[in-house]
Asks: 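What follows is a single structure, and I will ask about it in a moment.
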Amino acid sequence: QVQLVESGGGLVQFGGSLTLSCKVSGLNLGGYALAWFRQVPGKEREGALCISNSDGTTWIDDSVKGRFTIARDNAKNTVSLQMLSLKPEDTAVYYCAASWLYSVYAKDYDYWGQGTQVTVSS
């Protein structure tokens with residue numbers, strides 16, 4: 001059974017930082033792209049914020065470039081999202097996901113975590 005479990009969310013002040021972690025079980029991460037998405041209540045899930053491809057390359061959406069960093073550790077079956085200089089508009093539920101495809105589209109991801117809430121106060 002594949003499970004992705006996010007942790008590290010919480011309440012942070014404007015300009016603060018958080019690091020989210022996603023522990024993956026039941027899956028060999030070696031062949032998978034891992035990504036972080038976010039969703040605000042009442043809105044559709046956005047495209048991927050950050051992707052770590054199976055070959056080690058990473059992609060960061062322009063909206064968070066310079067502030068967010070993705071890192072994976074295949075040996076530990078984890079992927080993290082370091083978030084700096086947080087803004088109120090970063091408030092959302094953050095999800096990690098895994099896919100055979102290197103894609104920015106949520107529909108291409110087969111496995112999802114339950115999400116972790118990040119709230120940035122102004």
Side-chain angles (χ1 to χ4, degrees):
Q1 182 182 1
V2 177
Q3 281 191 315
L4 287 75
V5 180
E6 300 98 337
S7 62
L11 174 65
V12 63
Q13 289 187 335
F14 176 83
S17 62
L18 278 176
T19 297
L20 308 182
S21 182
C22 176
K23 175 69 175 179
V24 183
S25 58
L27 205 60
N28 184 340
L29 295 187
Y32 284 83
L34 301 172
W36 287 93
F37 293 79
R38 66 186 178 188
Q39 186 170 16
V40 176
K43 294 187 177 181
E44 290 190 2
R45 192 166 298 178
E46 300 178 11
L49 294 171
C50 307
I51 306 172
S52 171
N53 200 11
S54 57
D55 64 359
T57 56
T58 60
W59 173 89
I60 310 293
D61 187 77
D62 285 345
S63 66
V64 298
K65 192 169 291 183
R67 299 191 300 123
F68 288 15
T69 304
I70 188 171
R72 70 193 290 164
D73 187 331
N74 287 348
K76 295 182 178 180
N77 269 26
T78 59
V79 58
S80 62
L81 181 67
Q82 183 185 43
M83 304 184 292
L84 306 176
S85 302
L86 285 162
K87 308 173 183 179
E89 50 263 44
D90 294 319
T91 295
V93 177
Y94 285 71
Y95 298 89
C96 64
S99 173
W100 277 112
L101 297 176
Y102 180 63
S103 171
V104 300
Y105 301 107
K107 67 179 179 63
D108 292 328
Y109 284 76
D110 305 299
Y111 304 105
W112 291 85
Q114 82 289 351
T116 186
Q117 175 72 46
V118 172
T119 303
V120 184
S121 63
S122 57

Asks: Verify the cluster assignment for V79 and L27: are they in a single hydrophobic cluster under the rule of side-chain heavy atoms below 4.5 Å apart?
Replies: yes
Asks: Please determine whether residues V118 and I60 belong to a single hydrophobic cluster, defined as Ile, Leu, Val, Met, Phe, Trp and Tyr linked transitively by side-chain heavy-atom distances below 4.5 Å.
Replies: yes
Asks: Classify the angle between the aromatic ring planes of Y94 and F68 as parallel (below 30°), tilted (30 to 60°) or perpendicular (above 60°).
Replies: tilted
Asks: Between L49 and S63, which heavy-atom pair has the shortest distance, and what is it?
Replies: CD2-OG, 4.4 Å
Asks: Which pair of non-hydrogen atoms, one from E44 and one from Q39, has the smallest distance, and what is that distance?
Replies: C-NE2, 3.9 Å
Asks: Residues two or more places apart in sequence or in another chain: which of them pass side-chain contact (heavy atoms from CB on, under 4.5 Å) with N28?
Replies: none
Asks: Please report the interatomic distance CG(D73) to OG1(T78), rounded to the nearest 0.5 Å.
Replies: 4.5 Å
Asks: Do side-chain atoms of T91 reach the backbone of V120 as a donor and acceptor pair under 3.5 angstrom?
Replies: yes
Asks: So which atom in A98 and which in L34 form the shortest heavy-atom distance, rounded to 0.1 Å?
Replies: CB-CD2, 3.7 Å
Asks: Got more than 12 heavy atoms from elsewhere within 6.0 Å of CD, Q114?
Replies: yes
Asks: Are V2 and L29 connected in a single hydrophobic cluster, I mean Ile/Leu/Val/Met/Phe/Trp/Tyr linked by side-chain heavy atoms less than 4.5 Å apart?
Replies: yes
Asks: Write down the atom of S103, the atom of D108, and the distance for their closest heavy-atom approach.
Replies: OG-OD2, 2.5 Å
Asks: Are L20 and F37 in one and the same hydrophobic cluster, where Ile, Leu, Val, Met, Phe, Trp and Tyr link if side-chain heavy atoms are under 4.5 Å apart?
Replies: no
Asks: Do you know which of Y111, Y32, Y109 makes ring pair (Phe, Tyr, Trp, His ring centres under 6.0 Å) with W100?
Replies: Y32
Asks: Using modelled atom types only, decide if a donor and an acceptor are shared between the side chain of R38 and the backbone of A92 within a distance under 3.5 Å.
Replies: no
Asks: Would V104 and I51 count as a side-chain contact (heavy atoms from CB on, under 4.5 Å) if you check the C-alpha gap in whole Å, the side-chain angles of each, and the deciding distance to 0.1 Å?
Replies: CA-CA 8 Å; V104 300; I51 306 172; 3.8 Å; yes
Asks: To check you understand the geometry: which heavy-atom pair defines the closest contact between G8 and L18, and what is its length?
Replies: O-CD2, 3.7 Å
Asks: Do D90 and M83 come close enough that some side-chain heavy atom pair is under 4.5 Å?
Replies: no
Asks: Look at the side chain of K23 and the backbone N and O of K76, then say whether any donor-acceptor pair between them is shorter than 3.5 Å.
Replies: yes
Asks: Tell me whether V12 shares a hydrophobic cluster with V64, the cluster being built from Ile, Leu, Val, Met, Phe, Trp, Tyr side chains joined at under 4.5 Å.
Replies: yes
Asks: How about D61 and W59: do any of their side-chain heavy atoms sit closer than 4.5 Å?
Replies: yes
Asks: Is the backbone of G115 close enough, under 3.5 Å, to the side chain of E6 for a donor and an acceptor to pair up by distance?
Replies: yes
Asks: Using every non-hydrogen atom in the two residues, find where S52 and R72 come nearest and quote the distance to one decimal.
Replies: OG-CD, 2.7 Å
Asks: With a 3.5 Å distance limit and no angle check, can you tell me whether N77 reaches the backbone of V24 through a side-chain donor-acceptor pair?
Replies: yes
Asks: Without swapping roles, check the side chain of T69 against the backbone of Q82 for a donor-acceptor pair under 3.5 Å.
Replies: no
Asks: To the nearest 0.5 angstrom, please state how far the CZ atom of F14 sits from the CD atom of E89.
Replies: 7.5 Å
